[in-house]
Amino acid sequence: MKVIGIETSCDDTSVALFDTEQGVIQNLVSSQVELHNNFGGVVPELASRAHLVNLIPLIDELMNRSETSLDDIDGVAVTAGPGLIGALLVGLSTAKAICWARDIPMIGVHHIEGHILANELTEPMQFPAMVLVVSGGHSEVILMPEIGVYERLGGTLDDAAGEAFDKSAKLIGLPYPGGPVIDKLADDGTPGAFKFPRPLQKDPRIVFSFSGLKTAVRVAVDKLERPISDQQKADICYELREAIADSLTQRLFQAAHEHNVKAVYLAGGVSANSKLRSKTAEMAQKYGYHFLPPKMAYCTDNAAMIACAGAARLVAGHTDNLDLDSFARRPISSWK
Ligand code: KG4
Ligand code: ZN
């Protein structure tokens, strides 16, 4: 079964072709980073307009590169939300047009389910599993007894982990998105040069808080003489990456112990973070949980994960009507 995936929830236009036998055939991403860089974050209206310009040519390129015609396609999976409504509508309307014209099924995909099922592109996931979803808009811990069943155990009280990376990067004078830049610079940082808090450590709930960390970075930066040296930037990045990875892994493994799961997984853009990946691997080995990190290409927003999640739903007999609406917010627990 061949399924096209379409992802336009934020600032990446992405399309993919997924085959239930062969896996990912092609995954194309057209990034809008340059467009939004001047503004230090994503401008929703600019994102929608760029999706409009990019999406159809990208689908043409997908068909050409994979030497496939729309006649061979069994369904189109598309991100229905959560995300920027205008941006989502570009993908959703395009999916509807293809499905209506070709009389093939459309499958709406929850963006977070897509991120979680990106792990299926490495190997079949093992259950019950505890999943840490960390992206620009989400930081949550989800108990997953099987594919399609998601119980949210807790999450951030303020900023998401990716937001903490991006906002801190701005304070240090680094470009958007800050996560990958901080991750790279942190490799040259000196351990112990700065000390940032790990908030809520004694709180028994599954909760995160990252807004204090942002303040700590601001205070540290304000104390430094100008210009800030490259070494000082690297030192701040080092401690920031440590603090975020410590907070995230503490809660992931607390939840894993409490629910006696077999495996732990990472999902979302921040799962590309080298420290988070290595720390999770170390702790999983220490406590005896199965863990394999998601492939780097499928951590940040991509359509392969949407096609994979949509294909799973299609195989299970689930399709959506062409009046399906997009949504800005909706918890994964309520996604059927
Ligand atoms: O999942 P994603 O592509 O988009 C959302 O759904 O939000 O995640 C984007 C987020 C950004 O905040 C970006 O800074 C962060 O993922 N990110 C990283 C890394 N790569 C991307 N954060 C830390 N380390 C990285 N290597
Ligand atoms: Zn995402």
Side-chain angles (χ1 to χ4, degrees), residues 5-14 16 27 29-33 36-37 40-42 44 47 78-84 87-88 91 109-119 131-140 142 155-156 159-172 174-187 189 210 213-214 217 236-249 266-280 293-306 308-309 328-330 332:
I6 298 179
E7 156 62 40
T8 62
S9 67
C10 192
D11 59 338
D12 287 314
T13 316
S14 181
N27 178 52
V29 183
S30 165
S31 168
Q32 302 177 10
V33 163
H36 300 286
N37 207 350
V42 178
V78 58
T79 309
L84 304 170
L88 288 163
V109 174
H110 193 292
H111 184 75
I112 297 303
E113 183 177 52
H115 273 306
I116 294 173
L117 295 191
N119 284 288
V131 190
L132 174 70
V133 178
V134 271
S135 68
H138 294 263
S139 292
E140 38 204 6
I142 292 169
T156 183
D159 292 347
E163 213 177 340
F165 275 115
D166 297 340
K167 288 180 176 171
S168 300
K170 213 170 172 178
L171 293 170
I172 310 167
L174 301 172
Y176 174 86
V181 187
I182 288 177
D183 197 7
K184 193 154 179 279
L185 284 182
D187 289 342
F210 295 114
L213 200 49
K214 198 178 52 195
V217 171
I236 295 174
C237 291
Y238 181 92
E239 174 61 5
L240 183 64
R241 183 173 71 172
E242 290 291 317
I244 293 178
D246 282 348
S247 296
L248 292 174
T249 47
L266 301 176
V270 180
S271 65
N273 188 263
S274 58
K275 192 72 208 183
L276 179 61
R277 292 164 80 93
S278 62
K279 218 173 174 51
T280 306
K295 288 184 183 161
M296 290 300 273
Y298 306 134
C299 288
T300 47
D301 289 348
N302 68 89
M305 67 185 195
I306 302 302
C308 172
R329 292 175 174 275
R330 185 178 298 173
I332 180 85

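Whatever order the structure lists them in is the order used to number ligands and atoms, beginning at 1. All residue numbers refer to positions in the sequence shown, counting from 1.
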Exercise for the section: Before signing off on this row, confirm whether Gly136 and ligand 1 have an N or O atom pair separated by under 3.5 Å. Expected result: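 Among all N and O atoms of Gly136, at least one is under 3.5 Å from an N or O of ligand 1.
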
Handout entry: Under 3.5 Å: N/O of Asp12 near N/O of ligand 1
Key =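 By distance alone, the answer is no.
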
Practice task
May I ask which of Val181, Thr79, Val29, Asp166 has a heavy atom nearer to atom 13 (C) of ligand 1 than the others do?
Solution key: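 Looking at heavy atoms only, the winner is Asp166.
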
Problem - Residue pair Lys167, Val217: steps toward the side chain to side chain contact (heavy atoms under 4.5 Å, CB included) verdict - result: CA-CA 10 Å; Lys167 288 180 176 171; Val217 171; over 6 Å; no

Problem - contact_flag His115 ligand 1 heavy-atom lt 4.0 Å - result: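 The answer is yes, since His115 has a heavy atom less than 4.0 Å from ligand 1.
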
Practice task
May I ask whether Cys10 places a heavy atom under 4.0 Å from ligand 1?
Solution key: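 Under 4.0 Å: no for Cys10.
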
Handout entry: Step-by-step side chain to side chain contact (heavy atoms under 4.5 Å, CB included) determination, Cys237 to Leu174
Key = CA-CA 10 Å; Cys237 291; Leu174 301 172; 4.0 Å; yes

Point-to-point distance, once rounded to the nearest 0.5 Å, from [atom1] of [X] to [atom2] of [Y]:
| X | Y | atom1 | atom2 | value |
| --- | --- | --- | --- | --- |
| Leu240 | Lys214 | CG | NZ | 12.0 Å |
| Leu266 | Leu248 | CG | CG | 9.0 Å |
| Leu185 | Tyr238 | CG | OH | 14.5 Å |

For [atom], what is the nearest protein heavy atom, given as residue, atom name and distance?
| atom | result |
| --- | --- |
| atom 26 (N) of ligand 1 | Asp183 OD2, 3.0 Å |
| atom 22 (N) of ligand 1 | Gly179 CA, 3.3 Å |
| atom 2 (P) of ligand 1 | Asp301 OD1, 3.3 Å |
| atom 24 (N) of ligand 1 | Asn273 ND2, 3.0 Å |

Find all atoms of ligand 1 within a distance of less than 4.0 Å from any non-hydrogen atom belonging to [X], and give their numbers and elements.
| X | value |
| --- | --- |
| His111 | 6 (O) |
| Gly269 | 1 (O), 2 (P), 8 (O), 16 (O), 17 (N), 18 (C), 19 (C), 20 (N), 21 (C) |
| Ala272 | 20 (N), 26 (N) |
| Thr300 | 3 (O), 21 (C) |
| Pro177 | 14 (O) |
| Gly162 | 12 (O) |
| Gly137 | 7 (O) |

Handout entry: Donor-acceptor contact below 3.5 Å, side chain Asp301 vs main chain Asp12
Key =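 Checked: no pair found.
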
Handout entry: Donor-acceptor contact below 3.5 Å, side chain Asp183 vs main chain Ser274
Key =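 Indeed, once roles are kept as given, a pair shorter than 3.5 Å links the two residues.
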
Handout entry: Three-point angle His115:NE2, the Zn ion (ligand 2), Asp301:OD1, rounded to the nearest 10°
Key =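 Here the angle at the metal atom is close to 100°, to 10°.
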
Practice task
Could you go through the side chain to side chain contact (heavy atoms under 4.5 Å, CB included) check for Thr79 and Thr8 one step at a time?
Solution key: CA-CA 7 Å; Thr79 309; Thr8 62; over 6 Å; no

Practice task
Look at Lys275 together with Asp246 and state whether they make a salt bridge at an N to O cut-off of under 4.0 Å.
Solution key: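 Asp246 and Lys275: not salt-bridged.
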
Handout entry: Within-4.5 Å side-chain heavy-atom neighbours: His138 and Pro82
Key =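 The answer is yes, as the side chains (C-beta and beyond) meet within the 4.5 Å cut-off.
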
Problem - Under 3.5 Å side-chain donor-acceptor pair for Glu7 and Ser9 - result: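 Distance-only check passes for Glu7 and Ser9.
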
Handout entry: Any N, O or S atom of His138 closer than 2.8 Å to the Zn ion (ligand 2)
Key =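 It does not; every qualifying atom lies at 2.8 Å or beyond.
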
